[in-house]
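Here is how names work: the chains are called A, B, and so on, in the same order as the sequence lines, proteins then strands, and each is numbered from 1. Bear in mind the structure is a predicted one, so any value in this text is a computation, not a measurement.
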Amino acid sequence: MTLTEDDVRYVAELAHLELTGGEVKLFKLQLGAILEYMQKLNELDTANIEPMAQVLGPGAPNPSIRADRNVPCFPQEIALANAPDPGPGLFRVPSVIERE
Amino acid sequence: MAAGIRNQYEVVIGLEVHVQLLTRSKLFCGCSTRFGDPPNTNTCPVCLGLPGALPVLNRDAVTMVMKAALALNCVINPQSRFARKNYFYPDLPKGYQISQYDEPLAEDGWLEIEAGGSRKRIGITRVHLEEDAGKSLHEGFPDSDRASYIDLNRSGTPLMEIVTEPDLRSPEDAHEFLTRLKTIMLYLEVSDCNMEEGSLRCDANASVRRAGSAVLGTKTEVKNLNSFRFLQRALAYESERQIELLENGQEVVQETRLWDSREQKTYGMRSKEFAHDYRYFPEPDLLPLVITADWKEEARSQMPELPDARKQRFTRDYALADYDAAQLTSSKALAGYYEEVVKAGAEPKQAANWTLTELLHLLKESKREIAASPVPAASLAELLRLIAEDAISGKMGKEVLAEMFNSGKSAPNVMAEKGLKQMSDPEEITAAAREIIAANPKQTGQYRSGKAATLGWFVGQVMKTTRGQANPQVVQEILKKELSAVKE
């Protein structure tokens with residue numbers, strides 16, 4: 001599978017990235033190289049092997065689960081401490097603009 | 001549109017329902033899920049999406065979904081998996097929602113509804129668990145033209161998503177399905193299903209096809225259906241819109257449409273806006289969810305008798321009419337109240353009538369729920385016993401109940417205070433009847449000359465002199481006897 005420039009532009013759009021024509025060319029090569037390597041891994045026959053999405057093999061069912069209990073939360077000012085532009089008790093963001 | 005044209009088409013509807021679970025804490029952290037708190041006061045690194053924070057699954061949320069899934073006759077998967085659904089929106093701080101994708105917690109169930117007098121099974125495709133996003137506020141601020149505000153209290157709140165098969169055939173079907181679903185969720189106590197607070201949300205997929213066709217038409221997704229009325233109206237509008245397009249030789253465009261309740265119509269959102277590629281992939285921060293037989297059994301053991309089963313039991317054990325049983329079981333609290341009245345000794349049919357008409361009327365007038373009824377079930381049963389024993393008439397009983405409702409007093413207390421008691425003693429009533437007959441020779445003559453309706457007037461007079469306390473049936477019998485005994 002060869003990556004096209006359209007593929008690069010599509011991925012960039014999903015990531016909300018604006019790329020220059022030069023960047024599209026550059027990333028086509030770089031992403032293509034990564035995918036090429038994945039193709040190599042695909043040569044291995046894994047038909048009878050369960051897909052593994054998690055490297056931690058569970059020793060018991062659901063080793064990490066909690067009861068429905070409340071713990072103290074951040075005070076509002078801490079919650080908003082990282083906000084670059086907080087409003088009254090709220091995060092303020094540029095209004096959500098419909099993208100063309 | 002002419003009904004003739006409409007009848008040439010079949011409407012096909014599937015629903016996607018989101019139910020907010022009644023947990024104390026969020027799905028992946030211990031923050032409170034309380035509605036209405038000051039903004040951004042129920043957050044932590046997990047639900048703010050801060051780097052390095054890791055989700056830990058809320059066990060009770062899983063149990064609740066299992067209960068709902070079992071009630072919807074679904075298969076619970078012994079292993080399911082969380083997945084990341086990636087998209088950018090300011091109220092989604094992580095840039096992805098933790099949801100379930102190809103391995104949901106439960107699938108392949110059904111729910112029966114009543115449709116046009118018969119029962120019909122609506123397939124349930126899947127039931128899964130996911131987290132909610134925060135809340136965006138786009139209006140009401142001085143700079144709302146250029147800024148939006150975000151409250152992340154809701155971020156990470158557990159949601160159950162229920163997806164149906166395209167088995168619904170009319171907006172009424174959809175309304176009926178959602179009503180039944182809501183009742184079940186309330187019985188299970190897994191959600192408060194409050195639509196105004198957003199704890200029950202519904203999207204619909206709708207298409208139309210020529211009647212008899214086996215091929216599905218192009219569907220649209222209708223969003224923003226945040227009330228039962230809107231759901232029905234939006235689907236009626238949308239199906240008519242699609243039929244008109246087809247009738248005019250145009251095509252239905254697959255798109256997402258929003259219901260505008262002010263305009264009473266749906267309008268298309270620009271397709272690009274929601275043309276997402278969510279790039280789902282397994283959530284690496286969570287292990288697969290394993291449902292053991294024990295856990296499933298634990299969920300099953302917590303399930304109450306469900307509305308349909310209870311309704312059937314009511315018609316069987318209490319000999320109630322279908323309609324009454326359906327009314328009584330439409331809410332768990334009402335059904336529970338009714339059963340308490342019966343257990344306290346009331347005759348089941350009488351108890352049903354009084355609960356459904358008199359008590360519900362009083363509750364409705366004072367805008368109260370059955371759980372807050374000032375008349376406890378045992379008190380209503382006591383009143384019904386007094387009526388059954390002819391200690392007071394049914395008519396007086398209604399007055400007594402209203403007073404009990406207002407004052408919280410028991411039936412005997414109210415009756416003592418008001419000097420109310422039923423007069424059933426034939427001698428007292430006969431005396432009263434004779435007096436009236438003697439004082440009204442004209443009406444007596446009318447009755448004797450065959451004007452039977454005059455009897456009603458006599459009954460009224462006796463009731464009046466006995467201040468409504470005489471038993472009307474006894475009065476009628478005695479009057480008939482006395483009137484025919486009058487000498488010409």
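Side-chain contact, B:Ser25 with A:Asn70: no donor N or O sits under 3.5 Å from an acceptor N or O.
Of the listed residues B:Gly95, B:Gly134, B:Pro90, the one with more heavy-atom pairs under 4.5 angstrom with chain A than any other is B:Pro90. Chosen from B:Gln79, B:Lys26, B:Glu283, B:Arg146, the residue pairing most often with chain A at heavy-atom distances under 4.5 Å is B:Arg146. Options B:Cys47, B:Cys29, B:Pro282, B:Ala61 differ in how many heavy-atom pairs under 4.5 Å they form with chain A, and the most are formed by B:Cys29. Of all the listed residues (A:Leu80, A:Asp68, A:Leu90), the one sharing the greatest number of non-hydrogen pairs under 4.5 Å with chain B is A:Asp68. Counting heavy-atom pairs closer than 4.5 Å to chain A, the top residue among B:Cys31, B:Pro39, B:Cys44, B:Pro45 is B:Pro39. Between chain B and the options A:Ala15, A:Ala83, A:Cys73, A:Ala67, the largest number of non-hydrogen pairs under 4.5 Å is found for A:Cys73. Residue with the most contacts toward chain A among B:Asn58, B:Asp60, B:Leu152: B:Asn58 (heavy-atom pairs, distance under 4.5 Å).
The minimum heavy-atom distance linking A:Gly89 with B:Asn40 is given by the pair O-ND2, 2.7 Å. The two residues A:Pro88 and B:Phe141 have their closest heavy-atom pair at CG-CE2, 4.2 Å. Across all non-hydrogen atoms, the minimal contact from A:Ala79 to B:Thr43 is CB-OG1, 3.3 Å.
How far CZ of A:Phe74 is from CG of B:Leu48: 6.5 Å, rounded to the nearest 0.5 Å. Interatomic distance, B:Thr41 OG1 to A:Ile78 CD1, rounded to the nearest 0.5 Å: 13.5 Å.
Only the backbone of B:Leu27 comes within less than 4.5 Å of a heavy atom of chain A; no side-chain atom from C-beta onward does. Neither the backbone nor the side chain of A:Asp85 comes within contact range of chain B, judged by heavy atoms closer than 4.5 Å. Of the atoms belonging to B:Asp91, not a single heavy atom falls under 4.5 Å from chain A. Proximity to chain B is limited to the backbone of A:Arg69, based on heavy atoms less than 4.5 angstrom apart. Of the atoms belonging to A:Ile65, heavy atoms from both backbone and side chain fall under 4.5 Å from chain B. Only the backbone of B:Phe28 has a heavy atom closer than 4.5 Å to any heavy atom of chain A.
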> Does the pair A:Ser95 and B:Ser148 meet the rule for a side-chain contact (heavy atoms from CB on, under 4.5 Å), with working shown?
Replying inline: CA-CA 5 Å; A:Ser95 65; B:Ser148 295; 3.8 Å; yes
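Side-chain contact between A:Asn62 and B:Leu287: absent, with no pair of heavy atoms (C-beta onward) separated by less than 4.5 Å. The shortest side-chain heavy-atom distance between B:Leu50 and A:Asn82 falls under the 4.5 Å cut-off. In this structure, the side chains of B:Leu57 and A:Arg66 stay at 4.5 Å or more apart for every pair of heavy atoms.
In the displayed structure, A:Glu77 atom CD is contacted under 6.0 Å by more than 12 heavy atoms of other residues, nucleotides or ligands. Within a 6.0 Å sphere centred on CZ of B:Arg24, heavy atoms belonging to other residues, nucleotides or ligands number 12 at most.
Looking at residues two or more places apart in sequence or on another chain, you find a side chain to side chain contact (heavy atoms under 4.5 Å, CB included) between B:Ala83 and B:Tyr101, B:Tyr280.
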